[in-house]
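To start, the structure under review is shown below, and the notes come after it.
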Amino acid sequence: MNLLYNSTRNAEKKVTASQAILKGLANDGGLFVPEYIPKLDVSMEELKGMSYQETAYEVMSQFLTDFTEEELRHCINSAYDSKFDTEVIAPLVKVGDIYHLELFHGATIAFKDMALSILPHLLTTAAKKNQVTKEIVILAATSGDTGKAALAGFADVPGTKIIVFYPKGGVSRIQELQMVTQKGENTSVVAIHGNFDNAQSGVKEMFEDKDLEKELARAGYQFSSANSINIGRLVPQIVYYVYAYAKLLENEEITSGEEINVTVPTGNFGNILAAYYAKKMGVPIGTLICASNENKVLFDFFQTGVYDRNREFILTSSPSMDILISSNLERLVYTIAGQDAEKNAELMEQLREKGEYEITPEMREKLGDFVGGFATEAECREAIRTTYERMGYVMDTHTAVAASVCAQYRRDSGDGRKCLVASTASPYKFIHSVMTAIDEKYASAEEFDLIDELSRISGTDIPKAIEEICSAQIRHTRECDAGRMEETVKEILGV
């Protein structure tokens with residue numbers, strides 16, 4: 001049966017999965033959601049013996065029903081190959097009594113590789129299926145990791161161009177270098193004078209601008225998205241939660257049907273939403289623990305039912321989570337509103353106009369799958385240091401937020417269920433913050449001087465991604481004010 005998609009702001013107009021992937025964002029500014037969350041049609045007993053690629057097919061075939069088996073398997077096998085430094089793609093590592101799902105073994109050493117390795121293949125396949133003749137322009141805003149992963153995925157992909165905006169001074173030095181050294185004739189990187197929310201809002205405005213759409217069409221271009229607003233980003237993320245549960249079962253860490261909790265460091269809400277969808281598919285997940293850094297807009301939302309972005313924007317050591325407008329939360333709000341697109345649109349309009357909205361008591365009752373928590377910068381550093389001292393395991397700053405919140409939750413709730421932590425980036429991506437957390441003596445050292453030391457203390461090889469940027473040439477130097485993003489896109493495209 002064909003699973004169709006509609007906008008969170010208009011449930012009437014239905015599109016296929018490939019059309020939703022191509023468009024990225026619905027015409028009305030809403031996000032595409034499936035009419036319902038399909039159930040897994042294979043048992044955990046069958047899944048536990050499967051490879052990552054086989055698991056990906058079982059999950060994604062339920063959502064992307066207008067892709068043929070041959071098309072989907074080709075996309076999966078092209079994505080999850082030697083670009084990853086381990087055959088298992090997403091290893092599970094037991095750290096004390098917590099299971100870390102390492103999602104950073106791809107080309108850009110962050111979890112975004114898990115979806116952005118496959119998105120270019122899904123997108124180009126979708127373009128062929130829908131007889132698209134225009135060149136697809138991928139427009140993305142990044143708080144650090146999406147940018148590089150999208151650039152790496154789309155570099156020199158025929159029929160596409162990619163333009164990435166990032167906040168100048170709002171990402172780590174490694175993240176910035178990964179982007180500005182990116183090769184590819186079709187790649188452009190722009191530093192904006194503003195924060196991530198400015199970049200994300202600017203991109204969404206361009207998607208919603210009908211006059212710009214017509215102008216681009218006349219020049220032979222159409223926009224699509226690589227951000228997690230694109231359903232083609234979200235569906236592949238569901239896979240690793242299904243895979244992790246099956247592997248815990250295979251390794252006899254859990255028994256069949258045993259519920260586990262999942263903690264996810266959260267900024268734009270896509271990664272934890274994927275875990276929620278995995279639960280809806282039938283994976284025995286108990287509580288979804290939403291871990292925020294000091295930009296705790298999501299924590300406050302789960303505590304009060306009020307989403308309020310009118311607050312100070314804080315730059316932290318976990319920059320990929322420095323976000324006050326969590327785009328993917330709209331998909332959850334639509335769900336708990338009983339798939340009432342009108343109600344959801346009304347709340348999103350309040351967010352746009354006033355910077356806040358409040359959900360109804362009935363909607364709050366449907367948030368029982370989630371709890372929110374947050375970690376301060378000091379707690380994040382403490383989690384990195386104590387985990388290293390006790391277990392010899394080094395984690396990055398974003399994973400440390402999740403580990404800290406997970407420990408808080410277990411202590412305060414008394415919930416004894418086993419817990420999975422989404423480990424979202426390699427510590428090599430945030431070397432200075434990680435090493436300083438382990439020992440203050442590293443505080444005065446230059447980031448790149450600490451690479452060998454991190455390798456030594458963690459007992460891990462320096463990732464290829466880090467070795468490459470040490471000698472790479474800077475190729476992208478363009479900057480613009482947040483208000484000049486559209487102008488900049490036109491300059492790049494020659495429109």
Side-chain angles (χ1 to χ4, degrees), residues 31 33-34 36-40 44 47 52 55-56 58-60 62-63 89-92 98-104 110-115 145 228-229 231-249 253-254 257-292 298-299 301-302 320-321 323 326-336 366-373 398-399 401-403 405-406 409-410 415 417-425:
L31 309 189
V33 284
Y36 59 90
I37 304 299
K39 295 291 184 191
L40 284 165
M44 281 295 162
L47 282 163
Y52 192 87
T55 307
E58 294 301 337
V59 174
M60 292 171 68
Q62 296 295 309
F63 285 93
I89 308 298
L92 268 171
I98 301 291
Y99 303 91
H100 281 234
L101 177 61
E102 291 188 345
L103 300 171
F104 52 76
F111 83 100
K112 306 292 171 78
D113 288 322
M114 302 300 294
D145 289 335
S228 55
I229 54 175
I231 198 72
R233 262 281 302 274
L234 191 59
V235 169
Q237 291 181 271
I238 302 167
V239 175
Y240 46 73
Y241 293 109
V242 178
Y243 178 76
Y245 189 91
K247 290 302 154 195
L248 285 171
L249 200 55
E253 296 287 345
I254 55 174
E258 181 181 344
E259 281 192 351
I260 62 166
N261 293 335
V262 175
T263 309
V264 186
T266 311
N268 223 7
F269 207 74
N271 202 3
I272 195 163
L273 185 69
Y276 175 69
Y277 281 7
K279 177 172 180 168
K280 294 289 181 194
M281 287 192 89
V283 180
I285 292 171
T287 299
L288 294 154
I289 303 159
C290 179
S292 298
L298 286 164
F299 169 77
F301 171 73
F302 284 115
S320 298
M321 297 161 65
I323 293 171
S326 303
S327 284
N328 269 289
L329 186 64
E330 180 169 345
R331 286 184 166 115
L332 180 65
V333 169
Y334 170 78
T335 302
I336 62 174
K366 293 178 185 170
L367 289 176
D369 294 313
F370 294 88
V371 297
H398 302 72
T399 308
V401 170
V405 169
C406 182
Y409 169 76
R410 297 177 101 199
D415 186 339
R417 286 177 290 196
K418 294 181 176 113
C419 201
L420 182 76
V421 163
S423 185
T424 52

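No hydrogens, no waters, no symmetry mates; every other heavy atom, side chains included, goes into these values. Position 1 is the first residue of the sequence, and the numbers go up from there.
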| message | With side chain to side chain contact (heavy atoms under 4.5 Å, CB included) as the test, pick out the partner of Y99 among L420, I260, V421. | response | L420

| task | Indicate the atoms forming the closest heavy-atom contact of L103 with A422, along with that distance. | result | CD1-CB, 4.3 Å

| request: Report the distance from atom CD1 of I289 to atom CG of N261, rounding to the nearest 0.5 Å. | output: 5.0 Å

| query | Okay, side chain of S423, backbone of L101: is any donor-acceptor separation there less than 3.5 Å? | reply | no

| task | Dump the intermediate steps for side chain to side chain contact (heavy atoms under 4.5 Å, CB included) on F63 and I231, then the final yes or no. | result | CA-CA 10 Å; F63 285 93; I231 198 72; over 6 Å; no

| said: Does any part of the side chain of F301, heavy atoms only, come nearer than 4.5 Å to the side chain of L329, both counted from C-beta? | reply: yes

| task | Could you walk me through whether L248 and E258 pass the side chain to side chain contact (heavy atoms under 4.5 Å, CB included) test, one step at a time? | result | CA-CA 10 Å; L248 285 171; E258 181 181 344; over 6 Å; no

| said: Quick one, Y245 and I254 - any side-chain contact, counting heavy atoms below 4.5 Å? | reply: yes

| request: Using a 4.5 Å cut-off on heavy atoms from C-beta on, say whether the side chain of Q237 contacts that of F111. | output: yes

| How long is the span from the CD atom in Q62 to the CG atom in L40, to the nearest 0.5 Å? | 6.5 Å

| query | Any side-chain heavy-atom pair from E58 and V242 closer than 4.5 angstrom? | reply | no

| request: Please name the pair of heavy atoms, one in L367 and one in L332, separated by the smallest distance, quoted to 0.1 Å. | output: CD2-CD2, 3.8 Å

| remark: For A90 and Y243 the tightest heavy-atom approach is O-CE2, 3.5 Å

| Closest approach of Y241 to A278 (non-hydrogen atoms, all atoms of both residues) | CB-CB, 3.9 Å

| field | Which residues share a side-chain hydrogen bond (donor to acceptor under 3.5 Å, both in side chains) with E330, sequence neighbours left out | value | T8, R9, N344

| request: Could you go through the side chain to side chain contact (heavy atoms under 4.5 Å, CB included) check for I272 and F269 one step at a time? | output: CA-CA 6 Å; I272 195 163; F269 207 74; 3.4 Å; yes

| query | Which heavy atom in A275 sits nearest to a heavy atom in V262, and how many Å separate them? | reply | CB-CG1, 4.3 Å

| request: Taking the side chain as every heavy atom from C-beta outward, state whether I89 and Y240 have any atom pair closer than 4.5 Å. | output: no

| remark: In short, M60 meets P236 closest at the heavy-atom pair CE-CG, 4.0 Å

| Measuring from F302:CZ to L288:CG, what's the distance to the nearest 0.5 Å? | 8.5 Å

| query | Do the non-hydrogen side-chain atoms of T335 and K366 ever get within less than 4.5 Å of each other? | reply | no

| said: Side chains of L234 and L31, heavy atoms from C-beta outward: is any pair under 4.5 Å? | reply: no

| message | Looking at G270, is its backbone amide N or carbonyl O close enough to the side chain of N268 to form a donor-acceptor pair, meaning the two atoms are under 3.5 Å apart? | response | no

| How far does NZ of K279 sit from CD1 of I238, to the nearest 0.5 angstrom? | 15.0 Å

| query | What's the spacing between M114 CE and Y52 OH if we round to 0.5 Å? | reply | 3.0 Å

| note | Here the gap from C406 atom SG to D415 atom CG, rounded to the nearest 0.5 Å, amounts to 9.5 Å

| message | I'd like to know if the side chain of N328 and the backbone of S228 have a donor-acceptor N/O pair within less than 3.5 Å. | response | yes

| Chi angles and distances behind the ring pair (Phe, Tyr, Trp, His ring centres under 6.0 Å) call for Y276, F370 | CA-CA 9 Å; Y276 175 69; F370 294 88; 5.3 Å; yes

| message | Tell me every residue that passes side-chain hydrogen bond (donor to acceptor under 3.5 Å, both in side chains) with T266, counting only those two or more places apart in sequence or in another chain. | response | none

| task | Give a yes or no answer on whether the side chain of K418 reaches the backbone of E253 with a donor-acceptor pair at less than 3.5 Å. | result | yes

| said: Using the salt bridge (Lys or Arg N to Asp or Glu O under 4.0 Å) criterion, which residues pair with D145? Sequence neighbours excluded. | reply: K429

| query | Does K39 offer a backbone N or O that forms a donor-acceptor pair with the side chain of K280 under 3.5 Å? | reply | no

| task | Check for a donor-acceptor pair, side chain of H398 on one end and backbone N or O of A425 on the other, with a separation under 3.5 Å. | result | no

| request: Under the side chain to side chain contact (heavy atoms under 4.5 Å, CB included) rule, what do V59 and Y277 come out as? Steps first, then yes or no, please. | output: CA-CA 11 Å; V59 174; Y277 281 7; over 6 Å; no

